[in-house]
Amino acid sequence: KNAEDDKYEVKDFWVENFEKTTIVSKDGNLTAKEIDSTCLMIKNNYEKMLRKYKIPAKNFNIIADSGIGAAANSDILAQKIKFITNKDLTFISDTEEAKLLLKGCIPRKKFSNSMILDIGGANTIGGYMNIIKGEAIFHPLTLDLGSIKLTEIINQKSNDQSIRKFSELSFTYLPTLKENFTKMFKKNPESITKNNIYLTGGASWAFYTLFYGRVADNNFSELKHDDILYQKSVVENNFRKIENAALTNPEIQKVLKIYSQKNLISSFNMLLAALEEIPNLDNKKIYFAKNAQIAWFISYVIDQELKSTVAK
């Protein structure tokens with residue numbers, strides 16, 4: 001298809017996740033298990049696309065998001081991937097990832113009145129676009145904190161590792177969490193004036209899946225602040241209900257394979273803390289963006305194609 005005219009077709013896509021990953025261990029490194037699992041996953045998918053889709057090796061892009069790039073030993077991952085595929089692993093910054101995410105998720109006609117926020121396991125990214133004289137200017141939002149990292153912070157505050165103690169400490173930490181988001185928004189204060197808020201990342205995916213019990217039907221699904229409050233209460237006070245639902249619901253099973261109860265408490269605390277720092281929230285539209293996990297990657301591939309076209 002013609003990427004220059006913004007016309008392209010996604011032939012196929014799939015998502016593979018790790019089970020209860022720590023993203024980055026307490027010492028700032030990817031664990032050996034995560035590196036080996038990632039390399040095996042990439043090797044299998046690389047060979048699958050060579051064999052099944054007949055894609056030339058020269059057309060492959062292997063990209064690591066900003067959460068992986070933040071690991072102190074990400075170079076080891078890159079070296080192993082190079083060895084098994086002979087391809088370089090490209091790391092993108094949190095700002096570049098946020099820009100690609102916005103371009104891939106938010107409809108162009110809504111650029112000027114929308115912001116995007118992605119709460120992941122290792123960090124939080126987002127931003128908004130202003131159209132000035134026909135040119136789209138991106139303003140990033142970044143925070144070096146994600147739901148898994150927050151879980152580790154809370155866990156380190158006490159030897160008592162019970163859920164009850166974790167919930168108490170999480171509640172005590174809320175003012176600090178909200179202050180982090182306040183500082184993030186203050187760097188680009190126009191962000192909180194936008195009327196459309198698009199949520200992506202593991203936290204919003206986990207919420208939607210647990211609350212509705214299914215994959216989103218539409219690319220954009222409107223969310224309510226009160227529904228997130230309700231689901232947080234269920235996670236904290238009636239987790240057995242979720243575990244029972246997972247016995248017969250494969251989508252909920254996927255969430256629990258990735259996130260522990262503590263991870264989910266942290267995820268929903270981050271979602272709520274971010275949203276509650278936005279004035280006039282009741283008058284804004286909040287959306288969950290489906291398939292955001294591939295949106296930034298598609299944007300990256302299209303940008304590379306456009307650069308290649310210009311170079312020719």
Side-chain angles (χ1 to χ4, degrees), residues 1 3 8-25 29-93 96-97 100-101 104-105 118 120-123 146-148 200-202 205-206 209 214-216 246 249-260 263 289-305 308:
K1 297 292 183 176
Y8 56 88
E9 180 181 356
V10 178
K11 292 290 187 180
D12 195 5
F13 76 91
W14 54 94
V15 178
E16 296 182 32
N17 294 307
F18 297 114
E19 294 189 5
K20 289 188 171 62
T21 179
T22 57
I23 308 299
V24 176
S25 60
N29 289 299
L30 294 164
T31 66
K33 179 180 179 181
E34 287 169 338
I35 290 176
D36 290 343
S37 296
T38 300
C39 289
L40 178 60
M41 190 179 294
I42 288 174
K43 178 178 182 292
N44 290 340
N45 281 284
Y46 179 70
E47 292 175 350
K48 173 182 177 179
M49 287 188 279
L50 285 173
R51 182 179 64 256
K52 181 178 179 180
Y53 296 98
K54 311 299 182 185
I55 299 173
K58 65 182 180 66
N59 290 346
F60 274 85
N61 294 277
I62 305 177
I63 317 299
D65 67 18
S66 56
I68 299 299
N73 61 343
S74 58
D75 59 319
I76 296 176
L77 175 64
Q79 291 166 12
K80 290 195 172 186
I81 289 174
K82 177 73 170 181
F83 178 77
I84 62 176
T85 66
N86 199 33
K87 304 290 292 186
D88 291 324
L89 176 63
T90 300
F91 295 95
I92 62 172
S93 68
E96 184 180 3
E97 183 183 351
L100 291 169
L101 188 63
C105 284
D118 182 295
N123 61 0
S147 59
I148 308 298
T200 64
W205 166 73
T209 306
R214 66 175 191 272
V215 174
N249 187 315
E251 298 306 320
I252 294 178
Q253 286 176 22
K254 290 177 184 177
V255 174
L256 298 191
K257 283 181 179 179
I258 299 169
Y259 294 110
S260 67
N263 295 154
K290 179 183 177 182
N291 296 329
Q293 68 268 42
I294 68 161
W296 69 265
F297 189 74
I298 292 174
S299 295
Y300 178 89
V301 171
I302 292 172
D303 281 357
Q304 294 305 303
E305 175 64 22
S308 174

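- Between the OG1 atom in T200 and the CG atom in L101 there is a gap of 4.0 Å [rounded to 0.5 Å].
- Within the structure, salt bridge (charged side-chain N to carboxylate O under 4.0 Å, His left out) contacts touching residues 39-66 (residues at least two apart or in different chains) are K43-E47.
- Between the K82 side chain and the K87 main chain, no donor and acceptor come within less than 3.5 Å of each other.
- Within the 3.5 Å criterion, the main-chain N or O of G201 finds a donor-acceptor partner in the side chain of D118.
- Between T31 and E34, some side-chain heavy-atom pair lies under the 4.5 Å cut-off.
- Residues L100 and E96 meet the side-chain proximity criterion, which asks for heavy atoms closer than 4.5 Å.
- Between I68 atom CD1 and S74 atom OG the span is 9.0 Å, to the nearest 0.5 Å.
- Using cut-offs of 30° and 60° for the angle between ring planes, the W14 and Y53 rings count as parallel.
- The distance from the CD1 atom of I92 to the OG atom of S66 is 6.5 Å, given to the nearest 0.5 Å.
- The nearest pair of heavy atoms linking G202 to Y259 is CA-OH, 3.1 Å.
- For the residue pair T209 and E251, the shortest heavy atom distance occurs at CG2-O, 3.4 Å.
- Summarising the geometry, atom CG belonging to L77 is positioned 10.0 Å from atom CG belonging to D36; distances are rounded to the nearest 0.5 Å.
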Quick one, D88 with I62, criterion side chain to side chain contact (heavy atoms under 4.5 Å, CB included). Give me CA distance, side-chain angles, the key distance, then yes/no. CA-CA 7 Å; D88 291 324; I62 305 177; over 6 Å; no
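- Atom CD1 of residue I63 and atom CH2 of residue W296 lie 6.5 Å apart, to the nearest 0.5 angstrom.
- Two residues are said to be in side-chain contact when any heavy atoms from C-beta on lie closer than 4.5 Å; I258 and W205 meet this criterion.
- Atoms CD1 and CD1, on I76 and I81 in that order, are 12.0 Å from each other to the nearest 0.5 Å.
- With hydrogens and angles ignored, the 3.5 Å screen pairs a side-chain donor or acceptor of N73 with a backbone N or O of L30.
- Between S260 and N263 there is a side-chain heavy-atom pair separated by less than 4.5 Å.
- Between E16 and N45, the side chains place a donor N or O and an acceptor N or O closer than 3.5 Å (distance only, hydrogens not considered).
- When only modelled atom types and interatomic distance are considered, N61 and T90 share no side-chain donor-acceptor pair under 3.5 Å.
- D303 contributes no side-chain N or O that, together with a main-chain N or O of Y300, makes up a donor-acceptor pair within less than 3.5 Å.
- Nearest heavy atoms, F60 versus L50: CE1-CD2, 3.7 Å.
- Pairing each heavy atom of C105 with each of A289, the nearest pair is SG-CB, 4.3 Å.
- Nearest heavy-atom pair across F91 and G69 is CD2-CA, 3.6 Å.
- Closest approach of C39 to K80, counting heavy atoms only: SG-CB, 3.5 Å.
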